[in-house]
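Note: hydrogens, waters and symmetry copies are ignored here, and every other heavy atom, side chains too, is used. To find a chain, count down the sequence lines: A is the first, B the second, and so on, and within it residues start at 1.
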Amino acid sequence: MTKFQRDIILICAFLLVAAALFLIFFLGAEEGAGVVVKVNGVEIARYSLTQEGEYELNGGTNTLVIKDGKAWISHADCPDHLCVKQGKIRSNGQSIACRPNFLTVTVYGKDDSDVDLIS
Amino acid sequence: MKASKLTLLALSVSLAMILSFIESQIPTFVPIPGVKVGLANIAVVFALYKMDWKNAAIVSLVRVLLIGILFGNAVSLAYSAAGAVLSLIFMIVLKKTDLFSHIAVSVVGGVVHNLGQIGMACILMGTDILRYYAPFLVLSGTIAGIVIGIIAAILVKRINIKA
């Protein structure tokens, strides 16, 4: 077997791993119950996905919107705005991360409202 | 150290820095932290094949340090150092096995770099978001790694400085 053939096998293996991870996370995703907001790993707020509204997070660095059972960041004061571009989340385990502000928004599921125990 | 070897090392380090800078000017096109092309890895893979693992390590670590000091901060330095060190170790070991070509080495380097960065982010932010980003990072690291590996292979072939 040539090096090139081994390369192809390794690349296919990586693509398969990526596909498997996609399937596990996205097809197996359950509807979430609410979101938990953390700064530096410390929980600062928790909202149910039925609590529609706009919330200022972390002293106004990020704005969280909850509507129609989905949550997203509508505004951020950081330069890259990656958290705004990450879009809407609704399924158990989905997250939005704002690295400059050390802030994360993670959906928790209907049965595991004790997400803190895991993370 | 011979002048030709020193020149090649200096060339690789400056190439890595220029590529890092170019990459920082490309707007993010995928809204996922950690997804990027990893242009600077061209210089690291080049050094790994044209010289040896020690020189590749110098290229990678000097780049991370200088770019961190020039354009970043302590946090961004921690992210890129985690990615760079992990990726270096995996690429060096994989090259040592002599089973794969530049492309697979670069693919593994890219994937591990992405995962290392996000792993460090998880440690610093105290969350487990790595789980959720992993599929995107493996996919983007693989595709970017193929491109980077091909470019590095061409450079190794075309640049004929003996070191």
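Of the two parts of Q5(A), neither the backbone nor the side chain holds a non-hydrogen atom closer than 4.5 Å to a non-hydrogen atom of chain B. In this structure, chain A has no heavy atom under 4.5 Å from any part of N73(B). For chain A, the nearby parts of F136(B) are the backbone and the side chain; heavy atoms of each come within less than 4.5 Å. Heavy atoms closer than 4.5 Å to chain B are found nowhere in I8(A), neither backbone nor side chain. Residue contact with chain B, scored on non-hydrogen atoms closer than 4.5 Å, involves the backbone of C98(A) exclusively. Interface remark: S101(B) contributes backbone and side-chain atoms alike to the contact with chain A (heavy atom separation under 4.5 Å).
Atom CG in L99(B) sits 11.5 Å away from atom OG1 in T2(A) (nearest 0.5 Å). From L94(B), atom CG reaches atom CG of L10(A) across 6.5 Å, with rounding to the nearest 0.5 Å. A distance of 8.5 Å separates CZ of R6(A) from CG of D98(B), quoted to the nearest 0.5 Å.
You'll find the side chain of V17(A) stays beyond 4.5 Å of the side chain of T142(B), heavy atoms only.
Shortest non-hydrogen contact noted between N40(A) and L124(B) is OD1-O, 3.4 Å. R99(A) approaches Q117(B) most closely through the heavy-atom pair NH1-O, 4.5 Å.
Counting heavy-atom neighbours within 6.0 Å of Y47(A) OH, excluding the residue itself, gives a total above 12.
Along residues 81-89 of chain A, the residues that come nearer than 4.5 angstrom to chain B, judged on non-hydrogen atoms, are L82(A), K85(A), Q86(A) in order of number.
Transitive grouping of hydrophobic side chains (ILVMFWY, heavy atoms separated by less than 4.5 Å) brings V112(B) and V85(B) into a common cluster. Linking Ile, Leu, Val, Met, Phe, Trp and Tyr residues whenever their side-chain heavy atoms come within less than 4.5 Å leaves V64(B) and I58(B) in two separate clusters. A single hydrophobic cluster is not seen to contain both F21(B) and L65(B); linkage of ILVMFWY side chains at heavy-atom distances under 4.5 Å, directly or through other members, places them apart. Residues L61(B) and F71(B) share a single hydrophobic cluster, defined by chaining ILVMFWY side chains whose heavy atoms lie under 4.5 Å apart. By the criterion of side-chain heavy atoms lying less than 4.5 angstrom apart, applied directly or through intervening Ile, Leu, Val, Met, Phe, Trp or Tyr residues, V65(A) is not grouped with Y108(A); the two fall into different hydrophobic clusters.
E23(B) meets the salt bridge (charged side-chain N to carboxylate O under 4.0 Å, His left out) test with no other residue; sequence neighbours excluded.
Looking at I143(B), V108(B), I146(B), L139(B) one by one, the single match for side-chain contact (heavy atoms from CB on, under 4.5 Å) with F14(A) turns out to be V108(B).
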